[in-house]
Amino acid sequence: MTPGPTEQPFDTRIAYLDAVDAVIAAARRELCAFDGDLKQADIEAPNRATALAAFLGGGRDRTLRIVVHDVAHLERDCPRFGVLLRRFGHAIQVRQSPENLRHLADCFLLADEAGAAIRFHADHFRGKLLLDSAEGLTGWKRRFEDLWVESSPALAPTRLGL
C-alpha cells in the first residue's frame, strides 16, 4: 500500500530548508521557484547545489524555472548557482517579476506534481511541505505560470562582453 498525500507544517528555518531538500529530491521533470531573492532557500549551500546539479543532469528534459523580485543575490552572491547556470543553461531560466507584482510576499518551490515547499510570507518561516499531493499543487502551479507569463528574462547563462 502506497502512502497518500502528505502535508507537514513548518515554522523554523531548518524545517524550511529540510522541506526545500525534500522537494528537490522529489523532482523528476521540473522545479519551479517563486521568491523575493532565494536567499532563505539557500540554494548556494553545497548540498543543495549538488542536488540541483544531480536533478538537472538526470535528463535533457529536466528544467528549473525561477521567478524572483530581485536577481542581485543570484548574480552577486551565488557562484555555485552561476556554475549551474553556465553548465545547464539549456535547462535553467530565471525571470524577474515586474514592478507591479513586487508586493507579493509568499515564496514557494514546486516539483512536478510531486511536492512543494510553501512559505506564506517572506518575512517568516511559517509554511508547509506538500508531498504526493497533485491536487494540492494545482493552484500553486497555476499561480507560478501566471507569474512566469508576467515576468521578464533576467539572467543569461553567458555574458556578452562587447
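Note: hydrogens, waters and symmetry copies are ignored here, and every other heavy atom, side chains too, is used.
Cation-pi geometry between Arg119 and Tyr16 is satisfied (NZ or CZ under 6.0 Å from the ring centre, within 45° of the ring normal).
Taking Ile, Leu, Val, Met, Phe, Trp and Tyr as members and joining any whose side-chain heavy atoms lie under 4.5 Å apart, directly or through other members, the hydrophobic cluster of Leu130 also contains Phe34, Val67, Leu101, Leu104, Phe108, Leu110, Ile118, Phe120, Leu137, Trp140, Phe144, Leu147, Trp148. Cluster partners of Val83 are absent, since no Ile, Leu, Val, Met, Phe, Trp or Tyr has side-chain heavy atoms less than 4.5 Å from it.
Ionic pairing of Arg48 and Glu44 is not present here: no N-O contact between side-chain nitrogen and carboxylate oxygen is shorter than 4.0 angstrom. Salt bridge absent: Arg29 and Asp61 never bring a charged side-chain N and a carboxylate O closer than 4.0 Å. For Arg62 and Glu30, the salt-bridge test fails: no basic side-chain N is under 4.0 Å from an acidic carboxylate O. Using a cutoff of 4.0 Å between basic side-chain nitrogens and carboxylate oxygens, Glu99 and Arg102 are scored as salt-bridged.
Here the shortest heavy-atom pairing between Ala27 and Phe55 reads CB-CE1, 3.6 Å. When all heavy atoms are compared, the tightest approach of Leu109 to Ile24 is CD2-CG1, 4.0 Å. The heavy-atom pair separating Val23 from Ala116 by the smallest distance is CG2-C, 3.4 Å. Across every non-hydrogen atom of Ser97 and Ser151, the tightest pair is CA-OG, 3.5 Å. Nearest heavy-atom pair, Ala41 versus Val20, reported as atom, atom and distance to 0.1 Å: O-CG1, 4.3 Å. Across all their heavy atoms, Leu38 and Ala33 have their closest contact at CD2-CB, 4.4 Å.
To the nearest 0.5 Å, atom CG of residue Asp112 and atom CG of residue Leu31 are 7.0 Å apart. To the nearest 0.5 Å, atoms CD (Gln96) and CD1 (Ile66) are separated by 13.0 Å. For the atom pair SG (Cys32) and CD (Glu145), the distance works out to 6.0 Å, reported to the nearest 0.5 Å. Atom CD of Gln40 sits about 12.0 Å away from atom NE2 of His124, to the nearest 0.5 Å. One distance of note links NZ of Lys128 with CD of Glu7; it measures 4.5 Å at 0.5 Å rounding. Considering CZ of Arg80 and CG of Leu85, their distance stands at 15.5 Å, rounded to 0.5 Å.
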Practice item. Could you walk me through whether Val68 and His73 pass side-chain contact (heavy atoms from CB on, under 4.5 Å), step by step? Key: CA-CA 10 Å; Val68 290; His73 172 68; over 6 Å; no
**Study point:** side-chain contact (heavy atoms from CB on, under 4.5 Å) assessment of Phe81 paired with Ile43
**Key:** CA-CA 7 Å; Phe81 180 75; Ile43 63 168; 3.6 Å; yes
Practice item. Go through Glu113 and Arg28 one step at a time and tell me if the salt bridge (Lys or Arg N to Asp or Glu O under 4.0 Å) criterion holds. Key: CA-CA 9 Å; Glu113 290 78 40; Arg28 297 294 170 252; over 6 Å; no
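Considering Asp21, Leu52, Leu17 as possible partners of Asn47, the one that fulfils the side chain to side chain contact (heavy atoms under 4.5 Å, CB included) test is Asp21.
Residues forming a side-chain hydrogen bond (donor to acceptor under 3.5 Å, both in side chains) with Glu135 (at least two apart in sequence, or on another chain): none.
Taking the side chain as every heavy atom from C-beta outward, Val71 and Arg95 never approach each other to under 4.5 Å. Side-chain contact between Glu150 and Asn100 is absent, with no heavy atoms from C-beta onward closer than 4.5 Å. With contacts defined as side-chain heavy-atom distances shorter than 4.5 Å, the pair Thr63/Ile92 does not qualify.
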